[in-house]
Protein chains: 2
Amino acid sequence: MERKQEVSKAVIQRLPRYYRNICELKAEGVQRISSRALAERMGLTASQIRQDFNCFGGFGQQGYGYNIDKLMEELGAILGLRAGRTAILIGAGNLGRALLNNFDFSASGFKLLCAFDANPELKGKAFGGCSVRSSDDLPSFIAAHQPDVAVLTIPRKNAPDIARELVDQGIRGLWNFTGEDLHLGGLGVPVENVHLSDSLMTLCHLVSATEE
Amino acid sequence: MERKQEVSKAVIQRLPRYYRNICELKAEGVQRISSRALAERMGLTASQIRQDFNCFGGFGQQGYGYNIDKLMEELGAILGLRAGRTAILIGAGNLGRALLNNFDFSASGFKLLCAFDANPELKGKAFGGCSVRSSDDLPSFIAAHQPDVAVLTIPRKNAPDIARELVDQGIRGLWNFTGEDLHLGGLGVPVENVHLSDSLMTLCHLVSATEE
DNA sequence: ACTGAATTGATATTATTTTAACAAAAGTTC
DNA sequence: GAACTTTTGTTAAAATAATATCAATTCAGT
């Protein structure tokens with residue numbers, strides 16, 4: 001997948017939403033769609049959609065539009081959803097278990113191998129079809145299975161140290177729920193820092209703004 | 001709080017992160033900070049920070065920097081965290097309960113009044129200090145207490161209808177976890193659509209991108 | 001009080017992102 | 001199969017956002 005110019009971050013962040021909408025359209029039985037129709041559905045401009053898709057080489061057809069199957073295939077490939085990535089989850093507390101029980105990792109391109117927790121009471125239990133192992137086994141597990149990314153649902157104060165260890169052991173990406181902003185881009189390890197509170201604060205602001 | 005020009009969405013979305021970092025600095029006992037030091041800490045440019053803050057009228061002091069207490073106060077006010085907003089949660093299934101048990105609503109400016117669920121078995125139970133009521137009581141509760149926002153943790157297929165009802169009854173903002181993208185801006189009701197999967201797909205892409 | 005260092009707020013510049021415009025290509029209809 | 005419509009991919013323009021610059025102001029040290 002060669003690129004003339006580095007694709008901007010803004011475009012990358014729109015890709016999951018495109019993918020989601022295309023999946024929905026497929027589920028609805030739609031076989032093709034024009035940039036205009038998709039724009040209307042998603043609340044964007046047709047221009048933006050065409051330009052976004054063209055960052056990766058045009059996969060539409062003039063006078064016809066975009067074929068849903070092809071679009072889904074291409075977007076999935078760009079997102080790397082077909083790469084068979086694997087993940088482990090570190091910290092099976094409330095938050096970790098909530099993810100295990102509720103979140104469909106496979107829909108985002110990951111197979112969740114197993115979870116780890118320091119609490120011996122959790123050892124051997126399973127949540128959402130994922131079993132919990134002792135943290136002691138973590139290094140050997142990583143060495144043996146080489147998971148791509150780690151989901152961090154540990155207490156915040158441990159985040160920097162654990163993150164560093166994981167990266168040293170070969171983890172190549174972090175989905176970080178600890179509240180601590182981690183930046184390991186310098187090490188070539190992408191991190192997605194999740195802050196639900198940011199979203200709610202934004203909503204708080206927007207609600208206040210509607211009063212003016 | 002008057003604004004010469006409408007503040008851009010990009011700035012608004014940075015505010016929660018600023019607020020978070022300022023809170024951390026306060027907790028660390030820091031009393032003042034320069035735009036340069038804050039920029040270094042947050043991985044931004046000093047210019048951007050000064051310009052962002054100046055959208056709301058300068059609250060720094062030349063030659064001194066920004067006073068942490070004042071900054072926290074101002075950012076909190078802009079975000080509306082001091083407005084005493086109230087929230088209700090609709091749908092006390094797995095996801096709803098995970099939020100009730102784990103998420104600190106008050107840190108984002110909301111007092112969570114109670115939760116609602118159609119399942120009679122949940123009626124009267126409490127999670128994270130929040131009790132569950134019957135969905136039948138929802139209209140009268142909203143009329144009586146006039147909560148500002150609703151947290152949607154119901155099944156996706158019900159989202160559009162329920163959202164519409166809530167708005168009709170006076171709800172002024174939605175924190176939407178249903179997976180369905182809701183757009184009620186036309187009705188003057190802001191919505192934050194939360195899609196955890198987007199974040200994980202982005203990570204998947206970034207991990208793939210590091211291989212090239 | 002005076003000098004020098006530090007820092008903001010404002011303005012100017014640059015870069016990025018979004019939108020618009022349109023020729024070229026494909027589909028559709030008669 | 002010819003005329004017309006639709007729609008993309010591409011290029012150009014406009015709008016937006018980020019960065020750099022610098023005068024004005026404040027602080028700190030002497």
Side-chain angles (χ1 to χ4, degrees), chain A residues 1-18 21-22 25 30-75 78 185 202, chain B residues 1-18 21-22 25 30-75 78 185 202:
Chain A
M1 201 178 309
E2 214 167 353
R3 303 185 299 254
K4 290 170 191 173
Q5 265 186 302
E6 195 64 28
V7 176
S8 82
K9 202 174 173 182
V11 175
I12 298 298
Q13 285 180 327
R14 278 194 290 271
L15 292 180
R17 187 146 171 264
Y18 284 131
N21 275 270
I22 297 305
L25 285 163
V30 177
Q31 296 191 349
R32 75 184 206 191
I33 194 164
S34 68
S35 57
R36 193 154 65 89
L38 185 58
E40 192 163 349
R41 178 189 175 105
M42 295 182 63
L44 303 171
T45 64
S47 244
Q48 181 165 56
I49 289 175
R50 290 203 297 275
Q51 205 160 12
D52 282 355
F53 288 177
N54 269 48
C55 290
F56 307 95
F59 24 80
Q61 200 173 357
Q62 288 175 337
Y64 173 90
Y66 297 88
N67 178 280
I68 294 288
D69 284 328
K70 180 169 187 189
L71 203 45
M72 209 171 101
E73 178 64 29
E74 294 276 4
L75 290 174
I78 293 162
T202 301
Chain B
M1 199 178 310
E2 211 166 355
R3 302 187 299 254
K4 289 170 190 173
Q5 265 184 300
E6 194 66 27
V7 177
S8 82
K9 202 175 174 184
V11 175
I12 299 298
Q13 285 181 327
R14 277 193 291 270
L15 291 180
R17 185 143 173 265
Y18 285 131
N21 275 271
I22 297 304
L25 285 164
V30 177
Q31 297 191 351
R32 76 184 203 191
I33 194 163
S34 69
S35 57
R36 194 154 65 88
L38 185 58
E40 192 163 348
R41 179 189 173 103
M42 295 182 63
L44 303 172
T45 64
S47 245
Q48 180 166 55
I49 289 176
R50 292 204 297 275
Q51 205 162 16
D52 282 354
F53 288 176
N54 269 48
C55 291
F56 307 96
F59 24 80
Q61 201 174 356
Q62 288 174 336
Y64 173 89
Y66 297 88
N67 177 281
I68 294 288
D69 283 329
K70 180 169 185 188
L71 202 47
M72 208 171 101
E73 178 64 29
E74 294 275 4
L75 289 174
I78 292 163
T202 300

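Model, not experiment: these values are computed from the prediction.
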Between dA18(D) and T45(B), counting only base atoms on the nucleotide and side-chain atoms on the residue, is there a donor-acceptor pair under 3.5 Å?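 A donor-acceptor contact between them is absent.
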
For [X] against [Y], the heavy-atom pair lying closest together:
{"X": "R32(A)", "Y": "I68(A)", "result": "N-CG1, 3.6 Å"}
{"X": "G58(A)", "Y": "N54(A)", "result": "CA-OD1, 3.9 Å"}
{"X": "T202(B)", "Y": "P16(A)", "result": "OG1-CG, 3.6 Å"}
{"X": "V7(A)", "Y": "C55(A)", "result": "CG2-CB, 4.1 Å"}

Whole angstroms only, please: what is the [atom1]-[atom2] distance between [X] and [N]?
{"X": "E40(B)", "N": "dT7(C)", "atom1": "CD", "atom2": "C1'", "result": "15 Å"}
{"X": "I49(B)", "N": "dT7(C)", "atom1": "CD1", "atom2": "P", "result": "13 Å"}
{"X": "R32(A)", "N": "dT7(D)", "atom1": "CZ", "atom2": "C1'", "result": "10 Å"}
{"X": "E74(B)", "N": "dG9(C)", "atom1": "CD", "atom2": "C1'", "result": "15 Å"}
{"X": "F56(B)", "N": "dG9(C)", "atom1": "CZ", "atom2": "C1'", "result": "15 Å"}
{"X": "R36(B)", "N": "dT19(D)", "atom1": "CZ", "atom2": "C1'", "result": "16 Å"}
{"X": "Y64(A)", "N": "dT28(C)", "atom1": "OH", "atom2": "P", "result": "9 Å"}
{"X": "N67(B)", "N": "dT26(D)", "atom1": "CG", "atom2": "P", "result": "16 Å"}

Rounded distance [0.5 Å steps], CG in L38(B) versus CZ in F53(B):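 Separation between the atoms: 5.5 Å.
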
Distance test, side-chain N/O of [X] to OP1/OP2 of [N], below 4.0 Å:
{"X": "R50(B)", "N": "dG9(C)", "answer": "no"}
{"X": "Q62(A)", "N": "dT6(D)", "answer": "no"}
{"X": "Y66(B)", "N": "dA6(C)", "answer": "no"}
{"X": "N54(A)", "N": "dT10(D)", "answer": "yes"}

Nearest-nucleotide 5' precedence on DNA chain D, Q51(A) against G65(A):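 Mapping each residue to its closest nucleotide by heavy atoms, the 5'-most match is G65(A).
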
Where do N or O atoms of nucleotides 15-17 of chain C meet protein N or O atoms at under 3.5 Å, pair by pair?
none

For a quick check of understanding: with a heavy-atom distance under 4.0 Å over all strands, which category does F53(A) fall into, base, sugar-phosphate or nothing? nothing

Categorize S47(B) for me: base, sugar-phosphate, or nothing, with a 4.0 angstrom heavy-atom threshold over every strand shown.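 The answer is base, as S47(B) lies within the cut-off (heavy atoms under 4.0 Å) of a base atom.
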
Is F56(B) close to L15(B) at the side-chain level, that is, under 4.5 Å between some pair of heavy atoms?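 A side-chain contact under 4.5 Å exists here.
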
Taking Q48(A)'s backbone N and O only, do any of them form a donor-acceptor pair with R14(A)'s side chain (distance below 3.5 Å, no angle check)?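 No, the answer is negative, given that no donor and acceptor are paired below the 3.5 Å cut-off.
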
